[in-house]
J.: 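Okay, here's the structure, questions in a sec.
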Amino acid sequence: MHLPIARRLLLAAAATAFALPALAEAPIVIKFSHVVAPDTPKGKGAERFKQLVEERSKGRIKVEVYPNSQLYKDKEELEALQLGSVQMLAPSLSKFGPLGVKEFEVFDLPFLFRDTAAFNSLTQGKLGHELFARLEPKGIKGLAYWDNGFSVMSANRPLHHVADFKGLKMRIQSSKVLDAQMRALGAIPQVMAFSELYQALQSGVVDGTENVASNVWTQKLYEVQKDITVSYHNHLAYAVIINKKFYDGLPADLRAIVDSSVKDATTYADAIAATENAQALEKVKASGKTNVYTPTAAEINEWKKALMVVHKEMAGRVGAATIQEAYKEAGFVAPK
Ligand code: LMR
């Protein structure tokens, strides 16, 4: 077709006029993948982050949150982040060992944290920053730590004494410190993705597990576990992380919006964690499907005695200096 030149120029100009604003307005997409239910402290924190970023960037950034391992399971999601298939994650701190950053497993030392304040003083201190710096050569930038409280232990038999763990197959996250803990209790640890846990408990592939009440409730683990002990022996927390290349490549104003939104979502997620977990525990109790047992001080002392060996055993893996620094920052006092 031979259009007169003036007509062709006019058409080209019109096409450009339509195309340019469309290109300029295409939002930058952040895919934020995680493994827990939306109705948990992490799920709600991710949603709050999305809301804040989208508001503050006036739609220049769009955040797509994928909960419940919809996109990726535990191990895959870290690989996906490094490859840039997703931009953000918030894995538990117990899942960084396979990435080669073994020092993160210091957070899994049993009974390390007396309370949430002790955890916060570690993450806000020197060690918290150093650990994030160790992620950078892996192409990952640490943005924040999110607290999710203390874990309970569950199985299909009462777990009061250390001897009660003997021979139980217990699902753990991929941390060698958690592995050592289960062994110290006489159990047999088995690493398994979070998304496979319900099924594995139901079918008897594993006998028991440990987790925070909000996960026990939202994953319905109480349906397939007869006994829960409120031992609070471990602390669960997350690192909110982003693909470093993606982050560094953001225009400065948008990077500042991501930073401020993470900061405010962190305040929010941390503020709801204790209440959400307490409410979840009440709902688990009210379900009547499982016995929820609060151990006596003497029983907890027995657990502590059995588990302190893990602190020594794991010095070779986590690093003696890292452990000492963690003790100092968390104000840890070894039980007598
Ligand atoms: C688990 O894998 O047990 C949990 O840490 C999942 C989560 O992210 O809370």
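The structure displayed is predicted, hence computed values, not measured ones. Counting starts at 1 for both ligands and their atoms, following the listed order.
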J.: Answer with side chain, backbone, both or neither: which part of Asn148 has a heavy atom less than 4.0 angstrom from an atom of ligand 1?
T.: neither
J.: Should the pair His235 and Phe150 be assigned to parallel (<30°), tilted (30 to 60°) or perpendicular (>60°) ring geometry?
T.: perpendicular
J.: Does Glu47 pair with Lys44 as a salt bridge, N-O distance under 4.0 Å?
T.: no
J.: Phe332 and ring-ring contact (aromatic ring centres under 6.0 Å, His included): which partner among Phe113, Tyr327, Phe111?
T.: Tyr327
J.: How does Met192 reach ligand 1, by side chain, by backbone, by both or by neither, if only non-hydrogen atoms under 4.0 Å count?
T.: neither
J.: Around atom NZ of Lys283, are there more than 12 heavy atoms of other residues, nucleotides or ligands at under 6.0 Å?
T.: yes
J.: Examine ligand 1 and decide if any of its atoms is less than 4.0 Å from a heavy atom belonging to Glu210.
T.: no
J.: In terms of atom number and element, which parts of ligand 1 are under 4.0 angstrom from non-hydrogen atoms of Ser92?
T.: 5 (O)
J.: Give the atoms of ligand 1, by number and element, whose distance to some non-hydrogen atom of Leu236 is under 4.0 Å.
T.: 5 (O), 9 (O)
J.: Using every non-hydrogen atom in the two residues, find where Lys138 and Gln82 come nearest and quote the distance to one decimal.
T.: O-NE2, 3.0 Å
J.: Going by the atom numbers of ligand 1, which of them fall below 4.0 Å from some non-hydrogen atom of Lys42?
T.: 7 (C), 8 (O)
J.: Just which atoms of ligand 1 are under 4.0 Å from any heavy atom in Asn215?
T.: 4 (C), 6 (C), 7 (C), 9 (O)
J.: State the atoms of ligand 1, each with its element, that fall below the 4.0 Å cut-off from a heavy-atom position in Val36.
T.: 6 (C), 7 (C), 8 (O), 9 (O)
J.: Counting non-hydrogen protein atoms only, what is the nearest one to atom 9 (O) of ligand 1? Give residue, atom name and distance.
T.: Tyr238 OH, 2.5 Å
J.: State the atoms of ligand 1, each with its element, that fall below the 4.0 Å cut-off from a heavy-atom position in Val35.
T.: 6 (C), 8 (O)
J.: Which label fits Tyr145 and Phe132: parallel for a plane angle under 30°, tilted from 30 to 60°, or perpendicular past 60°?
T.: parallel
J.: One residue to check: Leu197. Relative to ligand 1, which of side chain, backbone, both or neither has a non-hydrogen atom less than 4.0 Å away?
T.: neither
J.: Does atom NZ (Lys176) have a neighbourhood of more than 12 heavy atoms from anything else shown, all under 6.0 Å?
T.: no
J.: Between Val212 and ligand 1, find which residue part has any heavy-atom pair under 4.0 Å and reply side chain, backbone, both or neither.
T.: neither
J.: Classify the ring geometry between Phe107 and Phe104 as parallel (under 30°), tilted (30 to 60°) or perpendicular (over 60°).
T.: tilted
J.: If we set the cut-off at 4.0 Å for heavy atoms, which region of Lys95 has an atom near ligand 1: side chain, backbone, both, or neither?
T.: side chain
J.: Flag the pair Arg183 and Asp179 as a salt bridge only when some basic side-chain nitrogen lies within less than 4.0 angstrom of an acidic carboxylate oxygen.
T.: yes
J.: So, regarding Asn211 and ligand 1 (criterion: nitrogen or oxygen to nitrogen or oxygen, under 3.5 Å), is there a contact or not?
T.: yes
J.: Got the closest protein heavy atom to atom 5 (O) of ligand 1, with its distance?
T.: Gln173 OE1, 2.9 Å
J.: Do NZ/NE/NH1/NH2 and the carboxylate oxygens of Asp264 and Arg56 come within less than 4.0 Å?
T.: yes
J.: If you count the atoms of ligand 1 from 1 in the order shown, which ones are under 4.0 Å from a heavy atom of Arg171?
T.: 1 (C), 2 (O), 3 (O)
